[in-house]
Asker: 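Below is one structure. I have some questions about it.
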Amino acid sequence: MAGEKKRDFGNVRKLASGRFQVRYRGPDGRLRPAPHTFDTKRAAQRWLKLKDAEIAQGDWFDPEAGACSFGEYAAEWVKDRDLTRKTRRTYEDLLRLHLNPTFGDMYLNAIKTADVRRWRAARLRRKKGKGQVPKAYRLMHAVLNTAVADKLIRENPCQIEGAGLEHSEERPVLSVAEVFKLADAIKPRYRALVLLATFGNMRWGELAGLRRRNLDLDKRTVRIRETVTDVGGLYQGKPKSKAGYRVVSLPELIMADLREHVETYAAPGPDGFVFVGVRGNQLRRGNFSKYWADACDAVGLEDVHLHDLRHTGNTYAAEAGASLRELMKRMGHSSSKAALIYLHAREEREREIADRLGERVTEELRGKRNDSDGGDDPPLPGAPV
DNA sequence: AGAAAGTACTGTGCCAATCA
DNA sequence: TGATTGGCACAGTACTTTCT
């Protein structure tokens, strides 16, 4: 008591109602009332003590800090990030369509894990847009992680195991015959596009952005240097990653078609696009998809996407014995994970061949035993002729 | 190394504008 | 006047990077 001033941390007072109110001073010096009143003075003092300890340990959160709506905070979050147009757009859509209808007006500190769980369950019950749920969840998680870092909320309410995971179905692999059937069926102007997507392992955006000077018919190579994306108007971009810049060599098989295509359909000059519309306009997904659908119909293929050609071509390359590194280079992948999928496919194929081989041998042995005649079956696959 | 998070791309459908 | 093109909203998928 030697003149030491007692810290004015807070006080308890009796209200006219007979209940007790607590007020405490936060680290910022402002006096705040407790969120509720107390039956007894004892309970009120106890609460004040706990609050004191919380502040002393640096665990205190400004209760008003989280009093910012999720919608506003998320909008700022997106704005502050250095995102590409496309991603920005995706995030804005996810917020508007999936998150804000539920959380937009809620205060950050009011969102509980149970709310998130309920939201997710409701969304997953819907017929459409199920696939957007994990994406929206991940975005919300990321936004709220920032809110935690900003000390606006104590912890992230997005704590649902596996909610951010997506599993996509395996895409089909076409046979060489099917690829050529498609190439025959599609408008002649896009025949080369089908072949190049397959045997050059190219993405749509890479095909749409391909310029004549990057297609070397003598060296049989295609250089991937720029891509086209299509969001609120077309714009030129760069490949997905560093590895996306690449040179892919092409099989002789398709060179005649490519040559003919360039002579007949490509835009003029080295900077001209290899693939253009009837009126010389740059290709757009939305417009191309009709021709693609028609070709698929004509051939009787269902649920085949243009992108599947890229995978198909890669599976061919894997089956032809390309190494992991070579596959990565062809596809323009920067990590081995994606390419490993195709090696998997190759292994399965080899197992299939081995199985068939085994069956044939068994059959043949059985046949030998049954009729003494050896028969004149064709040779086994891989057997010396 | 595998899971999780983060980012960027592809696919579909519809409607309006424009061109041949 | 029908085919082509542009624009947009929404859905779906592929890939890279970071975390554990």
Side-chain angles (χ1 to χ4, degrees), chain A residues 77-78 81-99 101 123 126-146 156 158-172 187 189-190 193 197 201-209 224 226-244 246 276-294 296 302-311 314 327-328 331-342:
Chain A
W77 187 90
V78 171
R81 280 188 178 222
D82 188 22
L83 304 172
T84 68
R85 266 170 89 168
K86 194 95 190 180
T87 306
R88 185 174 303 277
R89 185 60 175 271
T90 304
Y91 285 177
E92 285 166 357
D93 288 351
L94 286 173
L95 285 169
R96 182 169 39 82
L97 298 168
H98 300 274
L99 294 171
R123 288 271 154 175
R126 291 187 180 189
K127 274 227 171 75
K128 271 200 135 187
K130 269 188 206 166
Q132 305 301 96
V133 177
K135 247 195 296 279
Y137 175 86
R138 290 199 309 251
L139 175 61
M140 182 170 182
H141 185 268
V143 170
L144 293 179
N145 262 353
T146 308
N156 194 329
C158 294
Q159 300 290 343
I160 303 167
E161 192 103 354
L165 289 181
E166 301 182 62
H167 55 276
S168 32
E169 303 223 336
E170 208 166 296
R171 299 302 312 162
K187 274 180 102 150
R189 150 181 304 278
Y190 302 120
L193 189 147
N201 305 102
M202 290 173 73
R203 302 180 173 101
W204 163 261
E206 294 165 347
L207 290 161
I224 288 107
E226 51 193 325
T227 63
V228 172
T229 40
D230 193 348
V231 45
L234 288 169
Y235 73 102
Q236 296 297 125
K238 291 176 182 161
K240 216 166 176 172
S241 64
K242 232 183 191 172
R246 62 197 193 276
V276 289
V278 177
R279 293 178 205 154
N281 294 311
Q282 210 175 338
L283 289 188
R284 306 179 74 102
R285 277 198 329 276
N287 301 332
F288 175 78
S289 63
K290 193 158 64 73
Y291 307 123
W292 174 253
D294 289 347
C296 288
E302 270 177 35
D303 195 34
V304 175
H305 300 161
L306 182 75
H307 201 72
D308 297 333
L309 294 179
R310 174 172 145 87
H311 292 302
N314 201 43
L327 286 180
M328 281 169 63
M331 294 290 272
H333 286 155
S334 62
S335 87
S336 56
K337 285 187 185 164
L340 270 173
I341 296 166
Y342 301 97

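Chain naming here is simple, since letters A, B, ... match the order of the sequence lines and numbering starts at 1 in each.
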Asker: Who passes side-chain contact (heavy atoms from CB on, under 4.5 Å) against A:K290, sequence neighbours left out?
Answerer: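 Checked A:K290 against side-chain contact (heavy atoms from CB on, under 4.5 Å); matches are A:D294.
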
Asker: Restricting to side-chain hydrogen bond (donor to acceptor under 3.5 Å, both in side chains), what partner residues turn up for A:W292, sequence neighbours left out?
Answerer: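 With neighbours one apart ignored, the set is empty.
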
Asker: Taking CZ from A:R138 and P from C:dC19, how many angstroms apart are they, rounded to a whole number?
Answerer: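 Atom-to-atom, A:R138 to C:dC19, this comes out as 16 Å.
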
Asker: With sequence neighbours left out, write down each residue that passes ring pair (Phe, Tyr, Trp, His ring centres under 6.0 Å) with A:Y137, or none if nothing qualifies.
Answerer: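 Expected list: none.
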
Asker: Quick one: list whatever passes salt bridge (charged side-chain N to carboxylate O under 4.0 Å, His left out) with A:R189, sequence neighbours left out.
Answerer: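 Result, salt bridge (charged side-chain N to carboxylate O under 4.0 Å, His left out) vs A:R189: none returned.
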
Asker: State, to 0.1 Å, how close A:V276 and A:L283 come at their nearest heavy-atom pair, and which atoms those are.
Answerer: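 That would be C-CD2, 3.8 Å.
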
Asker: Given atom NZ of A:K135 and atom C1' of B:dT7, what is their separation to the nearest angstrom?
Answerer: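 In whole Å, B:dT7 C1' and A:K135 NZ are 11 Å from each other.
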
Asker: Distance criterion of 3.5 Å, no angle test: do you see the side chain of A:R203 paired donor-to-acceptor with the base of C:dT13?
Answerer: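 Check fails, no donor-acceptor contact within cut-off.
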
Asker: How would you label the contact of A:G205 with the nucleic acid (heavy atoms, under 4.0 Å): base, sugar-phosphate, or nothing?
Answerer: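 Result for A:G205 = sugar-phosphate.
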
Asker: Report the nucleotide, chosen from C:dT4, C:dA11, B:dC9, that has the shortest atom-to-atom distance to any side-chain atom of A:K187.
Answerer: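 For A:K187, the side-chain atoms sit closest to C:dT4.
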
Asker: Mind calculating the distance between CG (A:L94) and P (B:dT7) to the nearest angstrom?
Answerer: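 Interatomic distance, CG of A:L94 to P of B:dT7: 13 Å.
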
Asker: Would you work out how much the helix from B:dA1-C:dT20 to B:dA20-C:dT1 bends between its ends, with each end axis defined by five base pairs, to 10 degrees?
Answerer: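 One end's axis against the other's: 30°.
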
Asker: When you get a sec, tell me which of C:dG6, B:dT10, C:dT4 is the closest nucleotide to the side chain of A:H307?
Answerer: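 So the side chain of A:H307 is nearest to B:dT10.
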
Asker: Check side-chain hydrogen bond (donor to acceptor under 3.5 Å, both in side chains) between A:H305 and all other residues, then give those that pass, not counting sequence neighbours.
Answerer: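 For A:H305 the side-chain hydrogen bond (donor to acceptor under 3.5 Å, both in side chains) partners, ignoring immediate neighbours, are A:R171.
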
Asker: When every nucleotide of nucleotides 12-20 of chain B is labelled 5' to 3' by its protein contacts under 4.0 Å (heavy atoms), B for base, S for sugar-phosphate only, - for none, what sequence of letters results?
Answerer: B------B-

Asker: Of the options C:dA14, C:dT5, B:dG6, whose atoms approach the side-chain atoms of A:Y91 most closely?
Answerer: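 Minimum distance to the A:Y91 side chain belongs to B:dG6.
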
Asker: Restricting to side-chain contact (heavy atoms from CB on, under 4.5 Å), what partner residues turn up for A:T146, sequence neighbours left out?
Answerer: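 Result, side-chain contact (heavy atoms from CB on, under 4.5 Å) vs A:T146: A:Y73, A:W77, A:R81, A:D150.
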
Asker: Send over the distance from A:Y291 OH to B:dG11 P, rounded to a whole Å.
Answerer: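 To the nearest whole Å, that distance equals 17 Å.
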
Asker: Looking at A:N156 and A:H141, would you say the former's side chain and the latter's main chain have a donor-acceptor pair under 3.5 Å?
Answerer: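 Yes; judged by distance alone, with no hydrogens or angles, the pair exists.
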
Asker: When the distance from CG of A:L144 to P of B:dA4 is rounded to whole Å, what number comes out?
Answerer: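 The answer, rounded to whole Å, is 19 Å.
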
Asker: Rounding to an integer number of Å, can you tell me how far A:N145 CG sits from C:dT17 P?
Answerer: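 For the pair A:N145 CG and C:dT17 P, the rounded distance is 20 Å.
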
Asker: Whole angstrom is fine here: how far is it from CE in A:M202 over to P in C:dA14?
Answerer: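 The distance from CE of A:M202 to P of C:dA14 comes to 18 Å, rounded to the nearest Å.
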
Asker: My understanding is that only residues two or more places apart in sequence, or in another chain, count here; which of them pass ring pair (Phe, Tyr, Trp, His ring centres under 6.0 Å) with A:H98?
Answerer: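 Listed in chain order: nothing, the list is empty.
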
Asker: Expressed in angstrom and rounded to an integer, what is the separation of A:E206 atom CD from C:dA14 atom P?
Answerer: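 From A:E206 CD to C:dA14 P: 15 Å.
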
